[in-house]
Amino acid sequence: MPNLEFKIPQGKNIAEKRIKELRKEIRYHNKKYYIESNPVISDDEYDELLRELETIEKEFPDLITEDSPTQRIGSEEIDEFEVVEHKSKMLSLDKAFNHEQLRDFDNRIRKNWKDHKIEYIVEPKIDGLGVALLYEDKVLKRGATRGDGARGEDITPNVKTIKSIPLKLSENSILSDIEVRGEIYMPRTAFKRMNDKRLEKGKEPFANPRNAASGTVRTKDPQIVAKRPLDIFCYSLSNYNNGDFETHLEKMKEMKNANLKTNEHIEKFVGIEEVIKYLDEWEEKKDNLDYEIDGMVIKVNNLEAQERLGSTTHHPRWAIAYKYPPMRKTTKIRNIEVMVGRTGKLTPVAILEPIHLSGTTVSRASLHNEDELKRKDIRIGDTVLVEKAGEIIPQVIKVVKENRDDSQKEFNMPHKCPVCGAKAKRFNDDVARRCVNAQCPAQVKQRIEHWGAREVMNIKGLGTKLIDRLVSEGYIKSISDIYELQENDLKQIERMGQKSAYKLMNNIEKSKNQGLEKVLSGLGITYVGQHVASVLTEHYDTIDKIQKAEKEELERIDEIGPKIAESVVSFFKEEKNISLIQELKQNGVKMEEERIELEQFLDGKKFVLTGALGEYSRAEASEIIEKYGGRVTSSVSGKTDYVIVGENPGSKLTKARKLGINIFNEQDFRKILDDKSLP
Ligand code: IVH
């Protein structure tokens, strides 16, 4: 029995009273600590309060409520994130990249909201992930990701673990039934601490705070989420029952009063020039914040003006995101390495002295090709200017020639493949040098990786590391060898357990029936990716027919130009490729489409999907409809023939009813597919 400083109340009434007191006090300290970063008691004292509450609740379990501070961390794992509809659409923001574009934005607004000096609110654009929090009767009921804007994933148990998100809105706020929009993020220092710990434990570090936050929020174990340092800034209310606000700022003030955490750098300005001045001030200052921002958001303060200005289908007309120019820094090129790609293409890559750029450490940058290297005159040992814009791969912008002494070394692309030693040649007008040896291990590995990829043949379990081993140890030399692997081969591979070997064999077997389209995109024919593969599959139902097609015949197909046609013809002429296809066929890989059953019984009919279907994802349902000749559109109109309704349907259902459109539920849909006819 622990040494209790407090007494357990005797009798339910007294317990209830004490529970209420404790919750109120804990909420107050939560706010002080997590929202205002200004604690007024020690951690020990806080823990003591929480412990007392836990103990009493344990004694009187029917007094536990879902908004009690003890209920933050659920113990149950999340099975699958459910798709839920937002109360109103989560729009994105239009962007401005310079002052002129901001002035244009201001002009557009003034045209539609005359006689007024426009009041703007400027706030940091937090680089995290957008969420919608639903409160009913002041109690947090649901947290959902932004998703596609209309619907997101229900991540409530994870959201509840974030201490700066109140489980209950403060009593003295007028807000009660609301949907709050906010951005979940991971503070920089906390991110670094967490990553250091992961490295110590030999775990993969996260690339940047944003990835860490979005990965964490989608973790299925709330206990893990609770240990990760997530935080939130709330930036708007999309639905509210109480409160009549005239301005965005008033709304934000009330949110703060309700214990919703808002950002501290929100400022009001009159006229766009003042805004621009403030934005410029923040260009440097932003790097000193303990969270990453990817710009600033400028919003019209007056809510009536917001309403009048309205929104396009994508973004509100009353707000814009200002993006700072991409970060550039100088660093030194330590070395230049040459990578060999799937098609044998040699790419020079600069190995850099690591620098910190827009939240990530950059230590490599592609130099693209020989000509680019010459044009920029890049040498080993050069100081170079490197730029990283958003998610884009870092680029070497230019050499700082002033920093040259005689220590720099010119780099020439090798005329031999650095991996296998075969000739590396430039063909015709190709900018790239290519390794001519199709058996080159670098090429083989990447071809196999591509073949097994999820969107191609979908061989789960055939990862990079395993492929490395299989190729290096001589088990596989080409794609078709995958189908000759034996379970015993796999078991020889270090650390491969019986269960994973069995699973992989199963997935390899399943991949044989992926069909012609996937096979075509998997073969790695130049210019034949998923889209071209589907165009070809629409015209030909067997690989033999494609193999026999002449260039002119291919060119007659819509979307197939001379370059693609040429590439396809020359691929199928190549002896090696002919035998590869032969081998794949012998190993049971299907290369023809069975079109017989695909009677086009939905020919030309227009469908709209709404709500979550149990059996199919939206993409799957659309694919099925299209397979039978139907079409899927996103919004209901007079031209819609059928609406298929799943769980939690949206406004599309209401509209369909109004227009008297045929409505099917999932069972009807199933039956239509089984019967292959519409009722
Ligand atoms: S307002 C209807 N304010 O940026 C206007 N968004 O590109 C909705 N974001 O989905 C956006 N900080 O996830 C707004 N202070 C802020 C923001 C912010 C980050 C995110 C948000 C939104 C995305 C828009």
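By convention here, the first residue in the shown sequence is residue 1. Not measured: the values here are computed from a predicted model. Counting starts at 1 for both ligands and their atoms, in listed order.
Heavy-atom separations between Lys299 and ligand 1 include at least one value shorter than 4.0 Å. Within the structure, ligand 1 has Glu183 among the residues with a heavy atom less than 4.0 angstrom away.
Looking at ligand 1, you'll find an N or O of Ile126 within less than 3.5 Å of one of its N or O atoms.
Geometrically, Lys95 does not engage Tyr322 in a cation-pi contact, judged by NZ or CZ lying under 6.0 Å from the ring centre and within 45° of the ring axis.
Salt bridge annotation for Arg218-Glu153: present, with a cationic side-chain nitrogen under 4.0 angstrom from a carboxylate oxygen. Salt bridge present: Arg103 and Glu100 bring a charged side-chain N and a carboxylate O closer than 4.0 Å. Lys163 has no carboxylate O lying under 4.0 Å from a charged side-chain N of Asp231, or vice versa, which leaves the two without a salt bridge.
When only non-hydrogen protein atoms are considered, atom 23 (C) of ligand 1 lies nearest to Lys125 NZ, 4.0 Å. Nearest to atom 7 (O) of ligand 1 among the protein's heavy atoms is Leu93 N, 3.4 Å. Distance from atom 17 (C) of ligand 1 to its nearest protein heavy atom, with residue and atom name: Tyr235 CD2, 3.6 Å.
The nearest non-hydrogen atom to atom 5 (C) of ligand 1, considering only Gly182, Ser238, Pro316, comes from Pro316.
Contact annotation: for Arg146 versus ligand 1, heavy atoms closer than 4.0 Å belong to the side chain alone. Contacts with ligand 1 closer than 4.0 Å are made by side-chain heavy atoms of Val297 only, the backbone lying farther away. Under 4.0 angstrom from ligand 1, the non-hydrogen atoms of Pro124 all belong to its backbone.
Ring planes of Tyr240 and Phe245: tilted class, angle from 30 to 60°. Aromatic ring orientation, Phe269 versus Tyr278: tilted (interplanar angle from 30° to 60°). Taking the six-membered ring where the residue is Trp, Tyr642 and Phe664 present parallel rings, their angle staying beneath 30° rather than reaching 60°.
Atoms of ligand 1 found under 4.0 Å from any heavy atom of Gly130 (numbered from 1 in listed order, with element): 13 (O). Of all the atoms in ligand 1, the ones that sit under 4.0 Å from a non-hydrogen atom of Glu123 are 3 (N), 15 (N), 16 (C).
The only member of Arg210, Lys323, Lys286 that meets salt bridge (charged side-chain N to carboxylate O under 4.0 Å, His left out) when paired with Asp294 is Lys323.
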